[in-house]
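First the structure, in the form of structure tokens, and then the observations on it.
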Amino acid sequence: MAAKKVEPPTLAEVKKWPATVNVPRAALALGCSRSQLYELIKRGQAPVRTLSFGTRHVVITASLVAVLEAA
């Protein structure tokens, strides 16, 4: 059985998200893998603003929207 392909959200959908989202959800919106986004966060090179709580990271949705609107 083939894995179900998850479609990225539209910009309108992302704008309705809560103030912060988890890294996998943000990665889907950005069109990259969650491991890629985690690596960018680790290196301080993420294209979006994040908050870190120990080893847990969340992405600020307004920053994600700004990146998507600029694309």
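When reading the values below, keep in mind they use all heavy atoms of this one structure, side chains included, and skip hydrogens, waters and symmetry mates.
- The nearest pair of heavy atoms linking Pro8 to Leu28 is CB-O, 3.6 Å.
- The two residues Ser52 and His57 make their nearest non-hydrogen contact at OG-ND1, 2.7 Å.
- Residue Thr61 comes nearest to Pro18 through the heavy atom pair OG1-O, 2.5 Å, listed as atom of the first residue, atom of the second, then distance.
- Atom OG1 in Thr10 sits 7.5 Å away from atom NZ in Lys16 (nearest 0.5 Å).
- Hydrophobic clustering, with ILVMFWY side chains joined whenever heavy atoms are under 4.5 angstrom apart, groups Val67 together with Val65.
- Phe53 and Ile60 end up in the same hydrophobic cluster when Ile, Leu, Val, Met, Phe, Trp and Tyr side chains are linked at under 4.5 Å.
- In this structure, Trp17 is a member of the same hydrophobic cluster as Leu30, with clusters built from ILVMFWY side-chain heavy atoms closer than 4.5 Å.
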Cut-off 3.5 Å, no hydrogens considered: what does the side-chain donor-acceptor table look like for residues 34-42, sequence neighbours left out?
residue	atom	partner	partner atom	Å
Ser35	OG	Ser33	OG	3.1
Gln36	OE1	Ser33	N	2.9
Gln36	OE1	Ser33	OG	3.4

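- The nearest pair of heavy atoms linking Ala29 to Leu68 is O-CD2, 3.5 Å.
- The distance from the CG atom of Leu11 to the CG atom of Leu64 is 9.0 Å, given to the nearest 0.5 Å.
- Qualifying salt bridge (Lys or Arg N to Asp or Glu O under 4.0 Å) partners for Glu69, counting only residues two or more places apart in sequence or in other chains: Lys15.
- Tracing side-chain contacts under 4.5 Å through hydrophobic residues (I, L, V, M, F, W, Y), one never reaches Val23 starting from Leu51; they form parts of separate clusters.
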